[in-house]
Amino acid sequence: MRFAARVEVQLRPGIADPEGATIERALPALGFDGVAHMRAGRSFSFEVDAPDEGAARRKATELADRLLANPVIEQSRLELEAL
Amino acid sequence: MAARIGVVVFPGTNCEYDVVGALEAAGGGGELLWHGDHHLSGVDAVVLPGGFAHGDYLRPGALARFSPIMESVVEFARAGGPVVGICNGFQVLTEAGLLPGALQKNGRLRFLCQAARLTVTSRASVLTAQATVGDELVIPINHFSGNYTCDADTLRQLNDDDRIVLRYVENPNGSLDDIAGIANAAGNVVGLMPHPERASNALLGSEDGLVLLGSLVGAVASVAAA
């Protein structure tokens with residue numbers, strides 16, 4: 001079976017995010033008020049071949065933890081969908 | 001015979017010739033190693049120089065860690081061989097798990113290219129053995145992701161074990177505890193963001209980097225003599 005995977009990587013809560021902070025500081029100048037806690041991140045999408053959803057999830061999670069995210073400072077979230 | 005120090009070239013590395021020249025000024029011999037090779041050609045020490053290995057794609061150091069030569073570098077480091085990562089090389093060492101913590105984007109998102117004042121805070125490493133604790137060195141920094149971070153336990157351990165080898169006098173990048181360079185527990189693996197090779201000749205404005213590179217050359221000589 002083939003699955004579409006989407007992995008979202010963000011800095012862990014508590015780790016300073018200068019990119020998010022800079023974006024947030026720019027918002028009032030553009031007229032956006034009342035926006036808080038901006039965090040920047042990255043998203044990756046790919047397809048995985050695996051016998052079932054559990055196996056696909058394990059493979060994608062390992063890939064995310066070993067490469068896409070640096071677990072020292074980042075966390076990842078996986079979404080999986082059968083194709 | 002001069003110490004043979006291998007300087008690893010990844011696609012995108014750009015400080016390798018400066019490092020080789022500075023190692024020679026410090027009394028050692030530098031030679032280039034290609035990231036795609038599996039062996040270290042019998043060198044006595046390894047330097048991972050600065051630049052943008054693999055274009056810094058994904059994160060600085062994230063892909064370099066999977067270059068074929070890194071398996072040998074990790075094995076060499078675990079066996080006690082001297083390994084120094086400068087700037088991008090420091091980022092590679094943290095991604096490879098040879099040093100704890102991570103280098104994240106500078107506070108205020110500034111790319112920094114300037115001389116930095118550093119204090120030597122530990123001699124317990126192959127890079128600082130010949131320096132004096134408390135000495136101030138002026139060495140250039142040139143990075144976007146030099147903001148060292150780690151968890152509280154790791155920081156406590158680094159401090160308790162005297163593994164923070166260099167600190168910024170005026171913190172330029174938000175680095176935790178003013179950290180500019182750290183060592184592993186044995187002191188044979190060191191990572192630092194400043195570029196000692198760019199402070200290796202008075203004509204360049206500073207030769208303060210020579211005491212660091214000279215320590216590395218000396219560390220090799222003392223291993224060879226033992």
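Within every chain, numbering begins at 1; the chains are lettered A, B, ... in the order of the sequence lines, protein sequences first and strands thereafter.
- Applying the 6.0 Å contact sphere to OH of B:Y17 captures no more than 12 heavy atoms from other residues, nucleotides or ligands.
- Surrounding CD of B:E31 are more than 12 heavy atoms belonging to other residues, nucleotides or ligands, all under 6.0 Å away.
- Judged by distance alone, with hydrogens and angles left aside, the side-chain atoms of B:R108 form no donor-acceptor pair with the main-chain N or O of A:T22 at under 3.5 Å.
- Looking at A:R42, the atoms closer than 4.5 Å to chain B (heavy atoms on both sides) all sit in the side chain, from C-beta outward.
- When each of B:R65, B:K105, B:R59 is checked for heavy-atom pairs under 4.5 Å with chain A, B:R59 comes out on top.
- Here the CZ-OG1 distance, from A:R12 to B:T149, works out to 11.5 Å after rounding to the nearest 0.5 Å.
- Between A:I73 and B:A102 the shortest heavy-atom distance is CG2-CB, 4.0 Å.
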message: Under the criterion side-chain contact (heavy atoms from CB on, under 4.5 Å), I'd like the reasoning laid out for A:N70 against B:Q104: C-alpha separation, chi angles, the key distance, then a yes or no.
response: CA-CA 10 Å; A:N70 178 348; B:Q104 65 158 330; over 6 Å; no
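- No more than 12 heavy atoms of other residues, nucleotides or ligands sit less than 6.0 Å from atom CZ of B:F52.
- More than 12 heavy atoms of other residues, nucleotides or ligands sit less than 6.0 Å from atom CD of B:Q114.
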Evaluation steps, side-chain contact (heavy atoms from CB on, under 4.5 Å), between B:L63 and A:L67: CA-CA 8 Å; B:L63 300 179; A:L67 180 60; 3.9 Å; yes
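- When each of A:A16, A:P18, A:G14 is scored by its heavy-atom pairs under 4.5 Å with chain B, the top score falls to A:P18.
- Of the atoms belonging to A:L68, heavy atoms from both backbone and side chain fall under 4.5 Å from chain B.
- With a threshold of 4.5 angstrom between heavy atoms, B:N147 does not approach chain A through any atom at all.
- Residue B:E71 qualifies as open at atom CD: its count of foreign heavy atoms under 6.0 Å is 12 or below.
- Counted within 6.0 Å of CZ on B:F111, heavy atoms from surrounding residues, nucleotides or ligands total more than 12; the atom is thus considered enclosed.
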